[in-house]
Colleague: 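Here it is: the structure, laid out below.
Just so you know, ligand 1 is whichever comes first in the structure, and atom 1 is the first atom listed for that ligand. Quick caveat, the model's predicted, so the values are computed rather than measured. Note: hydrogens, waters and symmetry copies are ignored here, and every other heavy atom, side chains too, is used.
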Amino acid sequence: MLLEQLRGYLSEMNISATEQQQSQLVGFVEMLNKWNKAYNLTSVRDPKQMLVRHVMDSLAVSPYLDGKHFIDVGTGPGLPGIPLAILNPDKEFVLLDSLGKRIRFQKQVKFELKIDNISSVESRVEAYQPEQKFDGVLSRAFASVEDMLTWCHHLPAQDGCFYALKGQLSEQEMQNIPAGFTVAETIVLKVPTLDEQRHLLKITQ
Ligand SMILES: C[S@@+](CC[C@H](N)C(=O)[O-])C[C@H]1O[C@@H](n2cnc3c(N)ncnc32)[C@H](O)[C@@H]1O
């Protein structure tokens with residue numbers, strides 16, 4: 001059932017995924033649903049809604065990613081990083097969150113679904129000093145754009161950029177973008193069956 005739903009959405013979004021990737025994406029929803037009962041990972045309780053609101057919403061970002069080495073800050077259970085890693089095995093994703101139980105969930109997902117291109121870091125983002133900087137710094141439902149840029153300014157490589165996945169954009173939030181950062185692109189994302197607005201801000205430094 002979930003698999004059929006996923007296939008329909010992938011075709012609507014013009015995204016191709018192998019059988020193995022499809023089964024990993026469904027496996028991720030099933031694990032999210034199972035662990036959610038004890039770990040409180042998301043307020044979305046219905047697996048069909050998890051597929052739309054978490055997996056498809058994350059995958060909508062995939063066509064816009066430039067580079068190979070990404071970090072997803074405030075990733076929680078691995079959103080958008082895990083669906084993006086499943087779809088892009090040639091890219092690497094560091095999943096960072098300050099809460100240990102979310103990190104434990106990500107590690108179990110990596111192990112059970114055999115996702116080789118993710119690694120988890122338990123840290124506050126402000127304190128994290130990576131050995132290698134990133135082509136892209138991703139976030140979804142993490143913080144205001146202002147706070148994200150202030151806390152994460154040390155993470156992108158020279159030509160790297162920020163990708164903030166947002167709902168409705170408030171004028172005030174856009175006005176508060178700190179000096180030295182530029183919104184290079186504002187992309188309107190289409191997520192099947194979701195009426196609310198979804199935006200991807202691509203921000204350079
Ligand atoms: C609302 S959740 C969003 C999770 C996920 N990105 C999503 O889209 O569902 C925000 C997450 O950011 C984490 N977080 C908040 N402040 C943080 C910080 N300063 N450093 C690292 N993680 C942080 C929280 O632990 C939480 O998991």
Side-chain angles (χ1 to χ4, degrees), residues 9 25 27-62 64-65 70-88 91 93-110 115 118-130 133-134 136-156 162-170 173 176 178 187 189 191-192 194 196-203:
Y9 294 152
L25 290 167
F28 177 59
V29 173
E30 286 168 349
M31 287 188 72
L32 203 50
N33 185 41
K34 183 172 156 199
W35 283 58
N36 204 26
K37 293 172 182 129
Y39 268 49
N40 200 21
L41 298 166
T42 165
S43 59
V44 180
R45 301 277 155 193
D46 172 17
K48 290 189 213 117
Q49 283 301 309
M50 287 178 183
L51 184 63
V52 175
R53 294 188 169 274
H54 292 325
V55 172
M56 305 321 292
D57 193 53
S58 298
L59 294 181
V61 176
S62 187
Y64 305 101
L65 296 180
F70 294 87
I71 183 167
D72 179 10
V73 296
T75 182
L79 295 163
I82 289 179
L84 288 172
I86 291 172
L87 199 68
N88 296 277
K91 301 186 193 299
F93 293 82
V94 172
L95 309 173
L96 179 140
D97 203 279
S98 54
L99 264 192
K101 64 180 186 176
R102 299 197 169 147
I103 298 293
R104 282 197 288 287
F105 172 72
Q106 295 162 22
K107 288 186 172 167
Q108 192 61 23
V109 168
K110 177 181 169 83
I115 304 171
I118 53 174
S119 55
S120 298
V121 173
E122 181 179 345
S123 172
R124 289 196 66 82
V125 70
E126 309 88 307
Y128 177 57
Q129 295 297 337
K133 304 243 176 185
F134 298 92
V137 178
L138 295 157
S139 77
R140 190 187 89 134
F142 168 57
S144 66
V145 178
E146 181 184 13
D147 285 345
M148 183 218 182
L149 296 172
T150 307
W151 298 340
C152 303
H153 67 93
H154 59 297
L155 295 178
F162 297 90
Y163 297 88
L165 181 48
K166 311 284 296 178
Q168 193 137 19
L169 299 174
S170 88
E173 192 171 10
N176 287 348
I187 297 149
L189 299 174
V191 181
L194 268 196
E196 60 222 64
Q197 291 195 338
R198 304 299 292 152
H199 292 99
L200 180 66
L201 298 180
K202 199 168 170 181
I203 300 170

Colleague: Would you say R124 has any N or O atom under 3.5 Å from an N or O of ligand 1, going by distance alone?
Modeller: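 It does: an N or O of R124 is found under 3.5 Å from an N or O of ligand 1.
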Colleague: Got an N/O contact under 3.5 Å between W151 and ligand 1?
Modeller: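 N/O-N/O distance below 3.5 Å does not exist for this pair.
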Colleague: Please round to the nearest 0.5 Å and tell me the distance separating atom CZ of F28 and atom CG of L79.
Modeller: 4.5 Å
Colleague: Within a distance under 4.0 Å of any heavy atom of R140, pick out the atoms of ligand 1 and give their elements.
Modeller: 3 (C), 5 (C), 6 (N), 7 (C), 8 (O), 9 (O)
Colleague: What is the nearest protein non-hydrogen atom to atom 20 (N) of ligand 1, stated with its residue, atom name and distance?
Modeller: V125 N, 2.9 Å
Colleague: Which atom pair, heavy atoms only, marks the closest approach of N40 to R102?
Modeller: O-NH2, 3.5 Å
Colleague: Taking all heavy atoms of V137 and all of V73, pick out the closest pair and write down the distance.
Modeller: CG1-CG1, 4.1 Å
Colleague: Looking at H199, E173, Q197, which one forms a side chain to side chain donor-acceptor pair (under 3.5 Å) with K166?
Modeller: E173
Colleague: Which bit of T75 is near ligand 1, meaning a heavy atom under 4.0 Å away: side chain, backbone, both or neither?
Modeller: backbone
Colleague: Can you give me the closest heavy-atom contact between V61 and L138, atom names plus distance?
Modeller: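 Looking at all heavy atoms of both residues, the closest pair is CG1-CD2, 4.3 Å.
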Colleague: In terms of residue, atom name and distance, what is the protein heavy atom nearest to atom 23 (C) of ligand 1?
Modeller: S98 OG, 3.5 Å
Colleague: Look at E196 together with R53 and state whether they make a salt bridge at an N to O cut-off of under 4.0 Å.
Modeller: yes
Colleague: Closest by any non-hydrogen atom to atom 12 (O) of ligand 1: pick that one out of G74, P80, C152.
Modeller: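 That would be G74.
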Colleague: May I ask you to check if ligand 1 and P77 share an N or O to N or O distance below 3.5 Å?
Modeller: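 There is no such contact.
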Colleague: Identify the protein heavy atom lying closest to atom 17 (C) of ligand 1, giving its residue, its atom name and the separation to 0.1 Å.
Modeller: F142 CE1, 3.6 Å
Colleague: Got the closest protein heavy atom to atom 26 (C) of ligand 1, with its distance?
Modeller: R102 NH1, 3.2 Å
Colleague: If the contact criterion is a heavy-atom separation under 4.0 Å, does S123 count as touching ligand 1?
Modeller: yes
Colleague: Is the centre of the F70 ring less than 6.0 Å from the centre of the F93 ring?
Modeller: yes
Colleague: State the CD1-OG1 distance between I82 and T75, to the nearest 0.5 angstrom.
Modeller: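 Separation between the atoms: 6.5 Å.
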Colleague: Nearest non-hydrogen atom to atom 2 (S) of ligand 1 belongs to which of A141, G76, S43?
Modeller: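 It is A141 whose heavy atom sits nearest to atom 2 (S) of ligand 1.
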Colleague: Which ligand 1 atoms, with their elements, are less than 4.0 angstrom from a heavy-atom of L96?
Modeller: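 Selected atoms, number and element: 21 (C).
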Colleague: Carefully, step by step, assess V145 and L169 under the rule side-chain contact (heavy atoms from CB on, under 4.5 Å).
Modeller: CA-CA 10 Å; V145 178; L169 299 174; over 6 Å; no
Colleague: Identify the protein heavy atom lying closest to atom 13 (C) of ligand 1, giving its residue, its atom name and the separation to 0.1 Å.
Modeller: D97 OD2, 3.3 Å
Colleague: Based purely on interatomic distance, does L99 place a nitrogen or oxygen under 3.5 Å from a nitrogen or oxygen of ligand 1?
Modeller: no
Colleague: Quick one: OG on S58 to CG on L87, what's the gap to the nearest 0.5 Å?
Modeller: 11.0 Å
